[in-house]
Asks: 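The structure that follows is given in the form of structure tokens.
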Amino acid sequence: MENGAVLLGGSLPVPSVQELAKKKQLKAVPSRYVRTDQDPIISDSKIALQIPVVDLERLVSGDLDMSQKFDSACREWGFFQLTNHGVRTDLLDKMMEATQEFFKMPLEEKKKFPQEAGDLEGYGQAFVVSEDQKLEWADLFYVCTLPLRYRKAHLFNKLPLNYRLALEAYSAELKTIAMKLVNSMAKCLKVDPQEMIALFEDSYQTVRTNYYPPCPEPDKVIGLAPHSDAVGLTILLQLSETPGLQVRKDGSWITAKPDPYAFIVNIGDILEIITNGNYRSIEHRAICNSEEERISIVTFLSPLMDCEFGPAPSLLANGVRAQFLRTTTANYYRGVYARELGGKSYLDTVRL
Ligand code: OGA
Ligand code: NI
């Protein structure tokens, strides 16, 4: 962690999927992208379930119904859509436009933001750990946005100005939202708010932008393999209504139907640990389609790298047993990044 740089493990370089998808003659996907190890991408139109919706303003104002809805969404789904969150739609539009422009730049320009050896930040792909691993139908751009001292000048300062300004404003807004959510969780769980705030007020925030190009054989590939997020909290923005995100609920994959300008929030492994398993980090994945590109801007918030955490002490009163070991964010991330993305299996390594 010298000079604020956080090296957690990197990814092997693989070709840009965006370039691959541009090839007019591409009728079939190359074998490295054909997945035989995934659940089929079946339509779930018969499943009427929808991810719960939480109104942030009502939640923060102490509305009892909304608190209950929020608490049960965190327990039973690990996912919810967040409306009335107070982030201005013009900022969301600017953020999305700048992101689209970034991916529209020629490959040579995007390569000026390379993922360096041992580091996931930059333009490229994540979690490619072996040459014979199957690949995902997506490219990404990943940057640390907060705390300020962790921003990498060689990435941040080179961004087109409109993108950089949007990202700066956006990351500040998302920090505010995350603190409101963490505070509400403490209230619902009757955890001393300071125990949560201490872990998240100076939190480690990264933004991962996923670019899913259209795919000629969407049923054969996966945009993002099933995984739970290692982090504390994840806040996803997608401005188009093109579906792609699927959440595992009672064994089925439920397709999220994003409301424009709402966020989709989910609990990560670290919050499952801190809440001693009361709130759950749920498996999810992203699928592709043959018609349109899809962009998701995904903000992750976690305790700082050298921060130690475990089940919140006030949850362990009255003889409640800790379900997880204590660890640090850096150790947890290193373990996750060292392996191919796969379900929730890493959380089991710290389960008691
Ligand atoms: C992620 C993620 C889903 C999506 O980036 O961790 O789950 O729809 N993304 O892009
Ligand atoms: Ni995820």
Side-chain angles (χ1 to χ4, degrees), residues 8 11 17-18 38-39 41 44 51 77-82 95-96 99-100 103 115 120-128 135-145 170 174 178 204-215 218 221-249 253-260 262-272 279-289 292-302 332-333 336-337 339-347:
L8 296 161
S11 179
V17 184
Q18 188 177 4
Q38 301 291 321
D39 295 345
I41 315 275
D44 58 1
I51 295 176
W77 281 83
F79 264 89
F80 53 89
Q81 290 215 46
L82 190 69
M95 183 66 192
M96 189 52 86
T99 302
Q100 279 165 338
F103 281 95
Q115 284 172 314
L120 284 171
E121 281 191 57
Y123 170 74
Q125 285 77 22
F127 299 107
V128 183
L135 300 179
E136 294 165 330
W137 194 261
D139 297 329
L140 66 82
F141 181 59
Y142 186 61
V143 275
C144 175
T145 39
Y170 187 76
L174 284 230
Y204 178 62
Q205 186 196 69
T206 55
V207 175
R208 170 179 175 158
T209 304
N210 299 299
Y211 180 87
Y212 304 100
C215 179
V221 303
I222 192 87
L224 188 52
H227 65 285
S228 68
D229 294 337
V231 302
L233 201 62
T234 303
I235 305 179
L236 179 146
L237 175 70
Q238 77 160 79
L239 290 190
S240 80
E241 288 176 60
T242 308
L245 173 67
Q246 293 191 323
V247 177
R248 201 194 270 289
K249 173 78 176 140
W253 289 106
I254 308 288
T255 304
K257 297 200 175 62
D259 270 352
F263 292 112
I264 298 178
V265 179
N266 67 285
I267 308 285
D269 294 350
I270 289 178
L271 263 174
E272 178 164 339
Y279 288 172
R280 310 220 335 268
S281 157
I282 296 291
E283 252 186 276
H284 53 283
R285 66 180 187 180
I287 60 171
C288 297
N289 74 84
E292 301 169 278
E293 66 177 30
R294 177 173 166 262
I295 293 177
S296 61
I297 300 173
V298 186
T299 304
F300 298 115
L301 292 111
S302 295
Y332 195 76
Y333 275 22
V336 171
Y337 284 147
R339 40 160 110 181
E340 193 177 341
L341 206 54
K344 277 189 71 175
S345 55
Y346 194 73
L347 190 60

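First listed ligand is number 1; within each ligand, the first listed atom is number 1.
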Asks: May I have a table of the N/O to N/O pairs between ligand 1 and the protein that fall below 3.5 Å, each row giving the two atom names and the distance to 0.1 Å?
Replies:
{"unit_1": "ligand 1", "atom_1": "5 (O)", "unit_2": "Asn210", "atom_2": "ND2", "d": "3.1"}
{"unit_1": "ligand 1", "atom_1": "6 (O)", "unit_2": "His227", "atom_2": "NE2", "d": "3.1"}
{"unit_1": "ligand 1", "atom_1": "6 (O)", "unit_2": "Asp229", "atom_2": "OD1", "d": "3.1"}
{"unit_1": "ligand 1", "atom_1": "7 (O)", "unit_2": "His227", "atom_2": "NE2", "d": "3.1"}
{"unit_1": "ligand 1", "atom_1": "7 (O)", "unit_2": "His284", "atom_2": "NE2", "d": "2.9"}
{"unit_1": "ligand 1", "atom_1": "8 (O)", "unit_2": "Arg294", "atom_2": "NH1", "d": "3.3"}
{"unit_1": "ligand 1", "atom_1": "8 (O)", "unit_2": "Arg294", "atom_2": "NH2", "d": "2.7"}
{"unit_1": "ligand 1", "atom_1": "10 (O)", "unit_2": "Asn210", "atom_2": "ND2", "d": "3.3"}
{"unit_1": "ligand 1", "atom_1": "10 (O)", "unit_2": "Tyr212", "atom_2": "OH", "d": "2.7"}
{"unit_1": "ligand 1", "atom_1": "10 (O)", "unit_2": "Ser296", "atom_2": "OG", "d": "2.6"}

Asks: Which atoms form the tightest heavy-atom contact between Trp253 and Pro226, and what is the distance?
Replies: CH2-CB, 3.8 Å
Asks: Report the residues that fulfil side chain to side chain donor-acceptor pair (under 3.5 Å) with Tyr211, sequence neighbours left out, ordered by chain and then residue number.
Replies: Glu293
Asks: Among Leu233, Val231, Ile270, which one satisfies side-chain contact (heavy atoms from CB on, under 4.5 Å) with Phe300?
Replies: Val231
Asks: Checking side chain to side chain donor-acceptor pair (under 3.5 Å) between His284 and each of Lys249, Arg248, His227, which is the one that passes?
Replies: His227
Asks: Checking side chain to side chain donor-acceptor pair (under 3.5 Å) against Tyr142, which of Asn210, Thr209, Thr206 comes through?
Replies: Thr206
Asks: Of all N/O/S atoms in Asp229, which lies nearest to the Ni ion (ligand 2)?
Replies: OD1
Asks: Exactly one of Thr255, Ile264, Ile51 should register a side-chain contact (heavy atoms from CB on, under 4.5 Å) with Val247. Which one does?
Replies: Ile51
Asks: Can you see whether Tyr333 engages Ser302 through a side-chain donor-acceptor pair at a distance of less than 3.5 angstrom?
Replies: yes
Asks: For the Ni ion (ligand 2), what is the closest N, O or S atom on His227?
Replies: NE2
